[in-house]
Amino acid sequence: MTQSQVLAPDPIFPGAPQRQNVVRAMGLLFRNCIGIAAGIDRDGSVLPALAGLRAGYIEIGTVTNPHALRITPNKRGNAPLIGVNIASPQAGFSDNVLTDYRACLSSALPRAHYIVLNFSNEAAQRTLNSGGGHRIVSMARDEISRWHARTSGRTPLLAKLPAGATGDVLPVTQSIAAQLDGFVLAGEQPDRIAEIRAAFPKHGIVSVGGVRSAEDVKARKRAGCDLVQVHRAYAEGGAPAIER
């Protein structure tokens, strides 16, 4: 059982006569489970064109320069939700890396429906598994809590991680996971996704990597994902790939 669920007739998305595809995850409503992965639009400059697709959400980034974001929040009820994926341009961990994450987070919070801390490359994964990773996640959670206190909003916090192979050690500790609302898992093995879902039954799970067809989406959903992202399928197939 995942946090996703099919809901009754939809007053929020007037363009859809029924809510058959709407997904609830991490306290948000997505108009469907298909999203555009980070890397297609790194700063929000092509967001107006991407928003015309029938995707349920669009992830901007990875943002490493807090001044680079070009997102104007769209409050229309039938618009896709926007996530912002952030990181530091510096390898390893230091106070400067923490400052980079904080600055990017401050820039993204007024513009994003959800935030992703990117720990998907090897150097960032080492940081995550050190005390530095705990400091970054704790800082982000504190900053988001202060933002919520001022705005009465809700902005889920996720971490992007390599999913790994079946049987590997989990990609994040329980103590770090307790500060997160969900994960973006990079990998192509549904069995591994099912393993992580079993370990973290209350977290949102977004799958990215190797999604080329509707059957790939169904396999990720059966494994326990709430949401699925596409990158190459859209880059090579354009809007028709999203429709399929």
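Values below: all heavy atoms of this structure, side chains included; hydrogens, waters and symmetry mates excluded.
Considering only residues two or more places apart in sequence or on other chains, A140 meets the side chain to side chain contact (heavy atoms under 4.5 Å, CB included) condition with L105, L117, L157. In this structure, the salt bridge (Lys or Arg N to Asp or Glu O under 4.0 Å) partners of R192, at least two apart in sequence or on a different chain, are E195. In this structure, the ring-ring contact (aromatic ring centres under 6.0 Å, His included) partners of F183, at least two apart in sequence or on a different chain, are F200, H203. Residues satisfying the salt bridge (Lys or Arg N to Asp or Glu O under 4.0 Å) test with E143, not counting sequence neighbours, are R102, R146. In this view, D43 and R70 satisfy the salt bridge (Lys or Arg N to Asp or Glu O under 4.0 Å) rule, not counting sequence neighbours. Applying the salt bridge (Lys or Arg N to Asp or Glu O under 4.0 Å) criterion to R222, with sequence neighbours excluded, gives no partner residue.
Here the closest non-hydrogen pair linking F119 and A159 is CD1-CB, 4.1 Å. When all heavy atoms of L28 and H113 are compared, the closest pair comes out as CD1-O, 3.6 Å. Scanning all heavy atoms of the two residues, the minimum distance from P48 to S45 falls at CD-O, 4.0 Å. Across all their heavy atoms, A163 and I196 have their closest contact at O-CD1, 3.8 Å. Contact detail for P171 and P162: the closest heavy-atom pair is CB-O, 3.6 Å. Closest approach of Y101 to N118, counting heavy atoms only: OH-O, 3.2 Å.
Side-chain N or O atoms of R111 include none that pairs as donor or acceptor with a backbone N or O of G83 at under 3.5 Å. Put simply, the side chain of D226 gets close to the backbone of I205: a donor and an acceptor are under 3.5 Å apart. A donor-acceptor pair is defined here as one N or O able to donate and one able to accept, closer than 3.5 Å; such a pair exists between the side chain of D41 and the backbone of V46. Here the side chain of D142 pairs no donor or acceptor atom with the backbone of M139 at under 3.5 angstrom. Panel note: side chain H231, backbone G209; no donor-acceptor pair is recorded below 3.5 Å. No donor-acceptor pair under 3.5 Å is formed between the side chain of D168 and the backbone N or O of G164. The main-chain N or O of V22 is never found under 3.5 Å from a side-chain atom of N32 such that the two would form a donor-acceptor pair. Judged by distance alone, the side chain of S107 and the main-chain N or O of C104 form no donor-acceptor pair under 3.5 Å. A donor-acceptor pair under 3.5 Å is formed between the side chain of T127 and the backbone N or O of G92.
Interatomic distance, K160 NZ to N85 CG, rounded to the nearest 0.5 Å: 5.5 Å. Rounding to the nearest 0.5 Å gives a distance of 11.5 Å between CG of D181 and CD1 of I115. Summarising the geometry, atom CG belonging to L47 is positioned 13.0 Å from atom CD1 belonging to I40; distances are rounded to the nearest 0.5 Å. Taken from OG in S138 to CD in Q179, the straight-line distance is 3.5 Å, to the nearest 0.5 Å. Note that the CD1 atom of I136 and the OG atom of S88 stand 7.5 Å from one another [nearest 0.5 Å]. With rounding to the nearest 0.5 angstrom, the CG atom of L161 is 11.5 Å from the CG atom of N121.
For the pair V63/L69, a side-chain contact is recorded, criterion being any heavy-atom separation below 4.5 Å from C-beta on. Counting heavy atoms from C-beta outward, I82 and I60 have side chains that approach closer than 4.5 Å. Between K221 and V23 there is a side-chain heavy-atom pair separated by less than 4.5 Å. Taking 4.5 Å as the limit, some side-chain heavy atom of V206 sits within range of a side-chain heavy atom of Y57. Put simply, the side chain of V84 reaches to within 4.5 Å of the side chain of I86, judged on heavy atoms. Considering only heavy atoms from C-beta on, L180 comes within 4.5 Å of V137 through its side chain. At a threshold of 4.5 Å between non-hydrogen side-chain atoms, the residues T155 and H148 count as touching.
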Going through the distances and angles, do I36 and E59 end up as a side-chain contact (heavy atoms from CB on, under 4.5 Å)? CA-CA 6 Å; I36 303 299; E59 192 167 303; over 6 Å; no
Walk me through whether V208 and V228 qualify under side-chain contact (heavy atoms from CB on, under 4.5 Å). CA-CA 6 Å; V208 62; V228 180; over 6 Å; no
Carefully, step by step, assess L185 and S207 under the rule side-chain contact (heavy atoms from CB on, under 4.5 Å). CA-CA 5 Å; L185 298 177; S207 178; 5.5 Å; no
Can you check side-chain contact (heavy atoms from CB on, under 4.5 Å) on V217 and R212, steps first, answer last? CA-CA 8 Å; V217 174; R212 302 288 189 91; over 6 Å; no
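By the neighbour-count criterion of 12 heavy atoms within 6.0 Å, atom CZ of R141 is densely surrounded, having more than that number from other residues, nucleotides or ligands. Counting heavy atoms of neighbouring residues, nucleotides and ligands inside a 6.0 Å radius, atom CZ of R54 does not exceed 12 of them.
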